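What follows is a single structure, written as structure tokens, with notes after it.
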Amino acid sequence: MSTQKTVNGTKTNGNLQAKDFASDQEVRWCPGCGDYTILKQVQTLMPKMGVDPENIVFVAGIGCSSRFPYYMNTYGIHGIHGRAPAIATGLKVSRPDLSVWVVTGDGDALSIGGNHIIHLLRRNLDINVLLFNNEIYGLTKGQYSPTSPQGLVTKTSPSGSVDNPFNPLSLALGANGSFIARAMDRDPKHLQYLLERTWQHKGTSFLEIYQNCIVFNDNAFGPYTDKSMRDSTSLYLEDGKPLLFGKDEAFGIRLDGCRPEIADLAGGKWSQDDLWIHDEKDRNKAWLLTTLFDDNTQAGKLPRPFGVIYAEDRPTYEQLIQDQITASFERYGEGNLENLLTGEETWTVK
Amino acid sequence: MSTQKTVNGTKTNGNLQAKDFASDQEVRWCPGCGDYTILKQVQTLMPKMGVDPENIVFVAGIGCSSRFPYYMNTYGIHGIHGRAPAIATGLKVSRPDLSVWVVTGDGDALSIGGNHIIHLLRRNLDINVLLFNNEIYGLTKGQYSPTSPQGLVTKTSPSGSVDNPFNPLSLALGANGSFIARAMDRDPKHLQYLLERTWQHKGTSFLEIYQNCIVFNDNAFGPYTDKSMRDSTSLYLEDGKPLLFGKDEAFGIRLDGCRPEIADLAGGKWSQDDLWIHDEKDRNKAWLLTTLFDDNTQAGKLPRPFGVIYAEDRPTYEQLIQDQITASFERYGEGNLENLLTGEETWTVK
Amino acid sequence: MSITEKQKKEVTIRFAGDSGDGIQLTGSQFTSTTALSGNDLSTFPDYPAEIRAPAGTVAGVSGFQIHFGSRAIYTPGDMCDVLVVMNAAALKANLKFLKPGGIIIANTDGFGKKDLSLAKYAPDETPIEDAKASGYIVIEIDVTKMTRESLKETGLPVKAIDRSKNMFVLGVLYWLFSRPLDSTIQFLKRKFAKKPEIAEANIKALNDGFTYAIATEIFSERYSVDAAPIEKGTYRNITGNDAIVLAIAAVAKKSNLPVFLGSYPITPASEILQGLSGLKHFGVTTFQAEDEIAAIGSAIGASFGGSLGITTSSGPGIALKSEAIGLATMLELPLVVVNVQRAGPSTGLPTKTEQSDLLQAFYGRAGEAPVAVISASSPADCFEVTYEACRIAVEHMIPVMLLTDGYIANGAEPWKLPEIDKLKPIDPRFEKPRGNGQDDHPFLPYKRDDNLVRPWAVPGSKGLEHRIGGLEKEHETGNISYDPDNHQRMTEMREQKRELIANFIPDQNFDEGNDKGKLLVVGWGSTYGSIKSAVSEAREEGLDVSFIHLRYLNPFPRNLENILRNFEKVLVPEINRGQLSRILRDRYLLPIESFNRVRGTPLTVTELKEKISEMCAG
Amino acid sequence: MSITEKQKKEVTIRFAGDSGDGIQLTGSQFTSTTALSGNDLSTFPDYPAEIRAPAGTVAGVSGFQIHFGSRAIYTPGDMCDVLVVMNAAALKANLKFLKPGGIIIANTDGFGKKDLSLAKYAPDETPIEDAKASGYIVIEIDVTKMTRESLKETGLPVKAIDRSKNMFVLGVLYWLFSRPLDSTIQFLKRKFAKKPEIAEANIKALNDGFTYAIATEIFSERYSVDAAPIEKGTYRNITGNDAIVLAIAAVAKKSNLPVFLGSYPITPASEILQGLSGLKHFGVTTFQAEDEIAAIGSAIGASFGGSLGITTSSGPGIALKSEAIGLATMLELPLVVVNVQRAGPSTGLPTKTEQSDLLQAFYGRAGEAPVAVISASSPADCFEVTYEACRIAVEHMIPVMLLTDGYIANGAEPWKLPEIDKLKPIDPRFEKPRGNGQDDHPFLPYKRDDNLVRPWAVPGSKGLEHRIGGLEKEHETGNISYDPDNHQRMTEMREQKRELIANFIPDQNFDEGNDKGKLLVVGWGSTYGSIKSAVSEAREEGLDVSFIHLRYLNPFPRNLENILRNFEKVLVPEINRGQLSRILRDRYLLPIESFNRVRGTPLTVTELKEKISEMCAG
Ligand SMILES: Cc1ncc(C[n+]2csc(CCOP(=O)(O)OP(=O)(O)O)c2C)c(N)n1
Ligand SMILES: Cc1ncc(C[n+]2csc(CCOP(=O)(O)OP(=O)(O)O)c2C)c(N)n1
Ligand code: SF4
Ligand code: SF4
Ligand SMILES: [Mg+2]
Ligand SMILES: [Mg+2]
């Protein structure tokens, strides 16, 4: 019998290291699975937050990715399929002091859990959502998911999936998401940066992480991670900086009205000054960024953006509720049970 | 005992009139409810479609609006709360020959049914969705809905709703909707036009209809329907035409890059040539249109658009499935049961 | 003509009119006055299924029934003595509830040609004359005319004047039942504090109705009903849903636990969410979720965070929660699931009552997922039962299903205010955070106490970090375990934990009769009043019948089996197809008989009494 | 050393190794060859819970058990005679399944230091020596070395060579059980048709394994198992999930109905969706929905449109479908709901087996929502049962819940191919479109026939336009009705319609024993094999025990009560906490005993036989 590992009571977060956030449970993903890197990066982030482990909760649904909480030496719930956002919402509304994380997969979040995700996003609770997108159902052994590309042959789509996939970031923006970003397992440094941003954002942070399922959908993100291609297919966004990509940043993106197009900086026609300058707060342009990618596997097409696509400050749901609670106490005072039970009209039998 | 009314067998649609599409069931909405107009306009549309009544099916969830099928003299299902898109999907996939309509409310479609709606939109079945948005739960007597404005006082939000509402059209666009439009009960002619467009579109048509709940949320759309205000708050879109609004079309909308702004045509600074020309096929601009409205109750702010915001031709889900079925028959011939049962390896006991 | 004054032991009145006629208000005012007069009483509102059906139609009729008396009253009455109808549709919809020879007070203005046709009477029908011919006593009053007459000096517009019609009628009834007007007058002053002219008009109409009844001698008899022998104390009137709201506030106060309600509106449960949404200053947070699954999910999340998580719904919504209830049985966190049952299956008859979710409560989950089940027998009983449900959930770390139904949710009865100090304490099993000491033993989230209850380790507690989930867990450590023997053991423990609750609930007592004999009637839930009335009437007739009414359904009280075995026969009346009777038959192998009806309405005392007589005779 | 040839009546072999070792393939090849040799057999794969646990660990062990014999075989066997282990973890995980004194064939190359440590053996443990010391016969083969030796001339890379290790072992086993190699050789040629060098290598390894066994004289005994007396016919091997797929294709063909499957993947039901998704040319359309609710919703929509709607899932997914199943009971459309049960509650042990969703199938809905329930007893039985479920759904316009479980879903056994012509006809109750004739009677969508079945009126049929929904419906017209008596009547009719199915299913027959006597064992579902074995063994020992196995659970066969009453005692063995036994006790008030285990595994014959002996003695 092994016991659940608990953080040594004497350490406060300041002294902790990534390994202190690893639980004693054996990590059981397939060798080579992208989930490992993400776990490592999350564990690396934890000490930076300066939040004591007992004030952190990881909530997950069901899926390979959703096993995540078992491996974190914090509080954790491995819930039911698709419902992590709902569980996390109840937790965060009632415990705004906690740092709450949702770990979910493309099936968990966007198939069965689609409704909860979009409602979480519009409500804007301060919850960090890590969506491990491997464009497949891993745990159930290889059926297509709502992010699988049309035509993907899987166990349930022997002649190719006919489903037009979701664009998770467009969906999140359409659902009034206040923080929308994309990372990949194969670029751990950038992932680490985005995890930090995710955590820093006050409100629902939606971080899509491209995650390779080596067994059932290997190399789905090859175009963005393979050395040979990634320069021309991946665009790294930086706030206030022009949109540049390609080997030696030879290309940029400019806007012709509302239409983005590639500007070849070598040609002499365009310089960096002509380029679209990324503004994380511009919701209209955020839409363009989420939809930029549709053809990007083909040469000469627009690249796929990674980084923070949109970040908006707006009140969190739990704050608005806390405000109402405070106002309620101010207005009525601490509830008087006797008065409440008595109500408006009574009579007495003697 | 009254029997369910059936269309007289001798008439074909060509001879039918709106009233032939009214069932014999008493319509039981509150007097003055916006649902009546919509029912009338739908019944008016029916004969125009040239589809025989037996080939039309109305599917609904639960809500005041969802009682709709009972009043149509076609086939109909009054399902369970939020699930009409799922029921309609099974029907349409298996019976692509039928004209399938989903009637739903803001609670039915966007609260409990949110997941099914977004999946319907991405899959793009040729189903016509009429979303009766009254920004309230009518049937359950007045709780706030996911489209109720923040701050609305209802039975479940005595100090005002803290929920940031969905923008149904942004959500639909984010979910890859191929046809997105908005109408209102109080402009029946325009509604009739949009119903026609809804029906004509091949793919999932998403028509949001502002509908007044006279009992629990009266006048929620007053700003767009009241004579005194509607000129400056409502923008009627026409494909290929500039965006004009205001009394005597005195104002237009122009685009400063990606930022829409009001152009006062009287001032002399701007003429109609400077205006944004509506293009139903432009998805980027469609996003701008869905988000145009946020401040529109205040003077001088951007108006709210009505009409077809976006219309895209792309293959329907049922067509893609039919294609696979055809391909399957072509490739394997009509399935041979004996061969199938036999499988790859058998042995015989004598 | 002289007027006879008659003493009555009990009376049932049914008010009926169009949804716009203020019937519910009239009813509740009559109720208040009756309560203040010291009668025992029970009421039931009968709303139309539609929000606002077209005025004047049968679908639009709103009803309110009150049964009061100088003896103990348990039901709103099967049939009424007096039927007040404001229009033809109201008569059409309600005549079937009037006792033979009963009194009809009819607003003749509601029986015009158009009214008759809206009510779907045939053109040549004369319902009032027909009623007289059938032996009913019909008192005809042109209420509209009399009210307009009464208020013509007020200068109010006719529309406003017509809104006082119900007060005129109430005045008539107050005279008929020898009631004082002052309570209603006070009420009207309060209600229309900001519109004194409206208050005045209503008060005048009320007074004039009263005077009208004296002056016109339309009645030959006048009634009085003495005060009932009621337990001493301070009372208020309460509906079942309101009682649940109050109980939850009481739990928050007494347990010092924050309470979190995750819910999604549904008839007839919505009022609980509505009521609690205004009680933030009692430590109750409400969350209107996007659907029932999110509602229970959020409640589970809140329970993990150290709140008492509650979720409320009705049958179809509870069905949606099944999977998450299963999760809660694995997590072993406190959770209260309130099911205000309605008539099913599926959407069924959403505004009508039924008790047909009992088997769902027992068995409606995948796998062996034991929950506790408890039920309320009347509107007032909802308070104590809800309190108990919360106590059990917290102290036993288990989901508790609380069953009420549309009938008690909307029905009202007098409720004796509880003494707050005497409410049972509620004692959460919180695990203490680990300090820095050497001797801290490792934290074992699934180490159970003598009652098999695991500790509640709340985030924020240092040293108790742990992970829980729906996969089978290893005994004590709570780690995932695929071990066959462990699964057997944990399955048994979860079940056993539920059974051990029996040690923390009272033994079953008798509501009527002796502890052995010929016939035992066993009830549960909202049928209490009907059964109580039927059994006590049968006993008055000398029949050997006893009655127990179960509050705790799973586990049952420890002495239940003994009680059952002391009777020759057992009868279980239910508003379903015999669900409790199935459970008892399985459990005790006794030839239990089921008396059941699914008519969307309470069981009638008459029918039930017949069945009792029959069984006592047989 | 001479080799003894021994005749065996039955043998159980368990293959075990790392997930990468090709264990399932080895097992299924041994199975094919055994089947071709005319033995009766039963198999069970035992996959790891993880997709790919780290190589060499206990969590990563994959197992395959086959039980075969010259007599009838009903289970894959409680314990095995021969255990083949490819590494230390495989031994660790599986030694408990080996009979005392049994044979271990161990790949010594899998017992290095690293292997022992990965398998979590203590550093000083020597599991092979320990096994010998405990009386097991251990045959040690360095399979890796021998395979590399065997294939060194092929020029294949070592990695590829090592992939043939399993064939080498299979060769050894073929020798040990006197089996021909040709079936596997043919298979390898087919499988690697495009890579002949790989085919050749595998064949060589197989041959060399066989020769190695002869040459090295590692065995002192060799076994043969004669053909079993099997019913004549053509057989194939089939898993339960595959049998369901085939049955649905057969239904589509025989009924001429389009079949629509709406499903969402879930272990252990996914293979049905997967299998059917390739059968479009059989008239089967599959739809992978966004969740379980959409899955059943789409199936209901398709049924309304004239297809046979089917939905498949496992316990937690079925829980989510509860509300929609309720709708289907109101709509009275054909619907088949397949529940491939797994060990619960909640996520439970998703890859393990249990029968604990029976009460959910009976009662897991709001309101009185009767459905038919039917269950499969073995992989092959899934074919006929699925066919029956579809027939009942179509002919009685009712949702049918079909219960199987993880054990029969993944387990395989020989299946005698059915004669397609002899499959029962399936006859939908389609309503004819209305013509132009004067004499057309009005269409009444809820007018029932003698079996209380309503007509199926499909969109596209002129003159049959109608609206249905979840609100209570008026008898015959199907219009919404709030009438109390109508609700009573419709509730009874829906129930009665389900009961009348009893007239269209066969009487219950006996699987073992006489039709009266001391002890009757009643089973259902996947426990068939274990019970059959236990009862037949007990009967061989002369015990007075009979056995019936129920396929039709709701309604039960008409003669069930009579059967039960003819025995002194009744025992119901189940892999749950006694669910069928509850139902039978309630129904027949008989003191039925429950024998139950929830260990995620089939019941063991041994334990069950003990219980039977005990009851026969008592
Ligand atoms: C109610 C329910 N339905 C279905 C399942 C089966 N299931 C478990 S995980 C999963 C999908 C996992 O896909 P994803 O969320 O993308 O996670 P991944 O395994 O790819 O990380 C499914 C369908 C379940 N556990 N519960
Ligand atoms: C499963 C379930 N949950 C809740 C309900 C209760 N309910 C019925 S309609 C409705 C909301 C209706 O709102 P909307 O869809 O906006 O329709 P409206 O009445 O406003 O037209 C709710 C919560 C239900 N019938 N079923
Ligand atoms: S199946 Fe895919 S996602 Fe799951 S653990 Fe294996 S590689 Fe990772
Ligand atoms: S409640 Fe509102 S939406 Fe419903 S029928 Fe009445 S007015 Fe219409
Ligand atoms: Mg995935
Ligand atoms: Mg609404």
Side-chain angles (χ1 to χ4, degrees), chain B residues 1-7 9-10 23 25 52-59 62 69-70 72-80 83 85-95 97-98 115-116 119 321 324-325 328-329 331-335 337-338 340-343 345-350, chain D residues 32 35-36 38 230-236 246 249-250 253 258 260 262 279-282 285 287 289-291 293-294 297-302 304-305 307 309 323-324 327 417-418 420 434-436 440 442-445 459-471 476-479:
Chain B
M1 189 189 81
S2 79
T3 62
Q4 293 207 356
K5 182 175 170 184
T6 56
V7 170
T10 55
S23 77
Q25 295 298 294
D52 287 333
E54 69 266 23
N55 292 324
I56 302 170
V57 186
F58 278 80
V59 182
I62 303 285
Y70 288 119
M72 293 297 300
N73 194 17
T74 60
Y75 284 87
I77 308 182
H78 180 225
I80 42 179
R83 319 302 174 185
I87 296 172
T89 295
L91 180 62
K92 186 74 187 177
V93 166
S94 61
R95 289 292 304 273
D97 57 312
L98 300 174
N115 204 27
H116 309 303
H119 282 267
I321 291 198
Q324 287 201 343
I325 294 174
S328 179
F329 274 96
R331 182 154 165 208
Y332 305 109
E334 163 120 23
L337 187 57
E338 188 147 356
L340 181 71
L341 299 190
T342 304
E345 194 161 40
T346 58
W347 64 95
T348 302
V349 176
K350 279 167 205 147
Chain D
S32 295
L36 289 170
I230 297 179
E231 207 186 324
K232 279 180 192 165
T234 302
Y235 287 80
R236 66 175 284 189
L246 298 187
K253 278 281 172 185
F260 177 94
L279 298 188
K280 299 192 173 52
H281 53 306
F282 283 84
T285 303
F287 169 64
E290 58 271 25
D291 61 22
I293 303 176
S298 67
I300 290 172
F304 184 73
S307 294
E323 190 204 6
L327 175 66
L417 296 185
I420 293 173
R434 297 290 187 261
N436 302 337
D440 272 352
F443 174 53
L444 296 169
S461 312
K462 216 181 194 61
L464 306 187
E465 294 82 358
H466 67 288
R467 281 67 53 194
I468 58 179
L471 286 164
E476 300 208 335
T477 68
N479 290 329

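Being a predicted model, the structure only gives us computed values, none of them experimental.
- Residue D:Asp291 holds its CG atom at 7.0 Å from CZ of B:Arg83, rounded to the nearest 0.5 Å.
- Ranking D:Ala289, D:Gly469, D:Gly38, D:Gly301 against chain B, the residue ahead of the rest is D:Gly301, based on heavy-atom pairs under 4.5 Å.
- The most heavy-atom pairs under 4.5 Å with chain B, out of D:Pro258, D:Gly460, D:Ala324, come from D:Gly460.
- The heavy-atom pair separating B:Leu337 from D:Ala249 by the smallest distance is CD1-C, 4.1 Å.
- Checking side-chain atoms of D:Lys253 against main-chain N and O of B:Gly335 turns up a donor-acceptor pair under 3.5 Å.
- For B:Tyr332 (side chain) and D:Leu279 (main-chain N/O), no donor-acceptor pair under 3.5 Å exists by modelled atom type.
- Interface remark: B:His119 contributes side-chain atoms only to the contact with chain D (heavy atom separation under 4.5 Å).
- Proximity of a side-chain donor or acceptor of B:Glu54 to a complementary backbone N or O of D:Ser461 within less than 3.5 Å is not detected.
- Considering all non-hydrogen atoms of both residues, B:Ser328 and D:Lys280 come closest at OG-CB, 3.7 Å.
- Contact annotation for D:Pro459: both backbone and side-chain heavy atoms come within less than 4.5 Å of a heavy atom of chain B.
- B:Lys350 contributes atom NZ, which lies 8.5 Å from atom OG1 of D:Thr234 (distance to the nearest 0.5 angstrom).
- Nearest heavy atom pair, residue D:Ala294 against residue B:Ala86, reads CA-CB, 3.6 Å.
- The most heavy-atom pairs under 4.5 Å with chain B, out of D:Thr285, D:Leu471, D:Ile300, come from D:Leu471.
- Across all their heavy atoms, B:Leu341 and D:Arg236 have their closest contact at O-NH1, 2.7 Å.
- One distance of note links CG of B:Asn73 with NE2 of D:His466; it measures 12.0 Å at 0.5 Å rounding.
- The two residues D:Glu290 and B:His116 make their nearest non-hydrogen contact at OE2-ND1, 2.9 Å.
- Contacts between D:Phe260 and chain B at a heavy-atom distance below 4.5 Å involve the side chain alone, from C-beta outward.
- Proximity to chain B involves both the backbone and the side chain of D:Leu246, based on heavy atoms less than 4.5 angstrom apart.
- Ring-plane geometry between B:Phe329 and D:His281 is classed as perpendicular, the angle between the planes exceeding 60 degrees on a 0 to 90 degree scale with a lower cut at 30.
- Here the OH atom belonging to D:Tyr235 is positioned 10.0 Å from the OG1 atom belonging to B:Thr348, to the nearest 0.5 angstrom.
- With chain B as partner, the option from D:Gly262, D:Ala35, D:Gly470, D:Ser307 having the largest number of non-hydrogen pairs under 4.5 angstrom is D:Ala35.
- A heavy-atom distance below 4.5 Å is not found between the side chains of D:Phe304 and B:Val59.
- Side-chain contact between D:Asn479 and B:Tyr70 is absent, with no heavy-atom pair separated by less than 4.5 Å.
- Contact annotation for B:Ile325: both backbone and side-chain heavy atoms come within less than 4.5 Å of a heavy atom of chain D.
- Counting heavy-atom pairs closer than 4.5 Å to chain B, the top residue among D:Gly309, D:Pro418, D:Ala299, D:Gly305 is D:Gly305.
- Contact of D:Ile420 with chain B is made through the side chain alone, with heavy-atom distances under 4.5 Å.
- Taking B:Ile321, B:Ile77, B:Val57 one by one and counting their heavy-atom pairs under 4.5 Å with chain D, the maximum is reached by B:Ile77.
- Annotation for D:Arg467 and B:Thr74: closest pair NH1-O, 2.8 Å, computed over non-hydrogen atoms.
- Ranked by heavy-atom pairs under 4.5 Å with chain D, the list B:Arg331, B:Met72, B:Lys92 is led by B:Met72.
- Atoms CG and CD1, from B:Asn115 and D:Ile293 in turn, are 9.0 Å apart once rounded to the nearest 0.5 Å.
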